[in-house]
Number of protein chains: 2
Amino acid sequence: MPKTFNFIEKLREVGLRPTKQRVNMCEVLFNREKTFHFTINDLVKMISEKMNQKISLATVYNTVHALEKKGYLKEISIDSHKSYFDTNTSVHHHFFDEDTNELIDCDENDIEPVNIKKNITGKKINSVEVLIKVASDNQNQKKFK
Amino acid sequence: MPKTFNFIEKLREVGLRPTKQRVNMCEVLFNREKTFHFTINDLVKMISEKMNQKISLATVYNTVHALEKKGYLKEISIDSHKSYFDTNTSVHHHFFDEDTNELIDCDENDIEPVNIKKNITGKKINSVEVLIKVASDNQNQKKFK
DNA sequence: TCAACAGTTTAGAATTGTTATAATGTAGTT
DNA sequence: AACTACATTATAACAATTCTAAACTGTTGA
Ligand SMILES: [Mn+2]
Ligand SMILES: [Mn+2]
Ligand SMILES: [Zn+2]
Ligand SMILES: [Zn+2]
């Protein structure tokens, strides 16, 4: 979803009724320079902070899933205890900072294409994604515990 | 955890009291030729089928997490709606069959080492894992829906 | 050998994250 | 304006997981 202010038309174009809740959520999600990662909880907080409107939790879930189904959000699994969503819907790789629980997009050029030599017979590959778990390199960390 | 029958001593060695529940769970999990993937639900079923003992759900969770903490089980995130565990605790790659929801270990030789050219400053890389999502290659699948 | 203790198991309650329900509200159409 | 289909909402239901506290058991050492 491009970064313009006219989410009313965008929503209509993709077959979603542009209700004020949806428009507001689109503002929060897509009216920004860079893509980002969030949990439903993050999103609820962002909405209540940035908008003067209160949106029901059910609507947040509904809209997130509607946008996911339409291809404007992507669900990411890092920690099975939490659902992350990504406004960057392309196939791409991630760093996961285990210190901060932060999910960071890999730069396209920072990782060489993954070379798969043998696939499972009769199946086609839908996506190849790399997850790089990182943590502080501080040697002393454990000594002082 | 090696594939022998003496889980009593193994458990003691790693500092876990060898209760009969734990020994039985170890039998189910580790007394086999190949490593495998399971959900807590799978495991509960396997226990009730293979053992004549009923183990409380809380104990299954406790023991799985105890074994995970000791490094004999690894949690895998593919689908944020389900927790998978792996008796193969090494860093390794997976195919995920989206038709069957089956998780399959990548053969070491079937994928070339991932080349990361640039890391996050001040962080060390703990693991690099690739997830390859595959599905049926049947062209007609969608036409007949 | 066995009492005492610490660690473990257990059933059930509590919590969390998510989905379903059904009444009310609203956008789009006429 | 009225109609209708779709959307929102509060709340209930649900599933997965964790917590609780009482009962139980492996281990230790007197
Ligand atoms: Mn989803
Ligand atoms: Mn865990
Ligand atoms: Zn991303
Ligand atoms: Zn595996």
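Below, chain A is the first sequence line, B the second, and so on; all start at residue 1. Please read these numbers as outputs of a predicted model, since none were measured by experiment.
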Inset, instruction - Spell out protein contact along nucleotides 22-30 of chain D as letters: B when the base is contacted, S when just the sugar-phosphate is, - when no protein heavy atom is under 4.0 Å; keep the 5' to 3' order. - result: ---BBS---

Inset, instruction - Establish, with yes or no, whether the OP1 or OP2 oxygen of D/dT18 is under 4.0 angstrom from a side-chain nitrogen or oxygen of B/His65. - result: yes

Legend entry - side-chain hydrogen bond (donor to acceptor under 3.5 Å, both in side chains) against B/Gln53, all qualifying residues, sequence neighbours excluded: B/Asn24

Inset, instruction - Please report, rounded to the nearest Å, how far the P atom of D/dT20 is from the CG atom of B/Asn62. - result: 13 Å

Inset, instruction - Would you please classify the geometry between the B/His92 ring and the B/His37 ring as parallel, tilted or perpendicular, with 30° and 60° separating the classes? - result: parallel

Legend entry - Integer-rounded Å distance: D/dT8 P and A/Gln53 CD: 9 Å

Write down the protein N/O and nucleotide N/O pairs, taken from nucleotides 10-16 of chain D, whose separation is under 3.5 Å; answer none if there are no such pairs.
none

Legend entry - Value in whole Å for how far the C1' atom of D/dT9 lies from CE of A/Met25: 14 Å

Inset, instruction - With sequence neighbours excluded, tell me which residues meet side-chain hydrogen bond (donor to acceptor under 3.5 Å, both in side chains) with A/Asp42. - result: A/Thr39

Inset, instruction - For A/Lys70 and A/Val14, indicate whether the former's side chain and the latter's backbone hold a donor-acceptor pair under 3.5 Å. - result: yes

Inset, instruction - Check the distance between C/dA27's P and A/Glu9's CD and give it to me in whole angstrom. - result: 16 Å

Legend entry - Min side-chain heavy-atom separation A/Tyr72-A/Leu29 under 4.5 Å: no

Legend entry - Residue pairs involving residues 45-54 of chain A (criterion salt bridge (Lys or Arg N to Asp or Glu O under 4.0 Å); sequence neighbours excluded): none

Inset, instruction - Please state whether the phosphate of C/dA27, meaning OP1 or OP2, lies under 4.0 angstrom from any side-chain nitrogen or oxygen of A/Arg22. - result: no

Inset, instruction - May I have the distance from B/Asn24 (atom CG) to C/dT10 (atom P), rounded to whole angstrom? - result: 10 Å

Legend entry - Geometric class of the A/Phe30/A/Phe7 ring pair [parallel <30°, tilted 30-60°, perpendicular >60°]: tilted

Inset, instruction - Find the distance A/Lys69:NZ to D/dC6:C1' and express it as a whole number of Å. - result: 14 Å

Inset, instruction - Just grab all the salt bridge (Lys or Arg N to Asp or Glu O under 4.0 Å) pairs involving residues 109-130 of chain B, residues at least two apart or on different chains. - result: A/Asp97-B/Lys123, A/Asp99-B/Lys123, B/Lys74-B/Glu129

Legend entry - For atom CD of A/Glu13 and atom C1' of C/dA27, their distance in whole Å: 17 Å

Inset, instruction - Would you indicate whether the side-chain heavy atoms of A/Ile104 and A/His94 approach each other to under 4.5 Å? - result: no

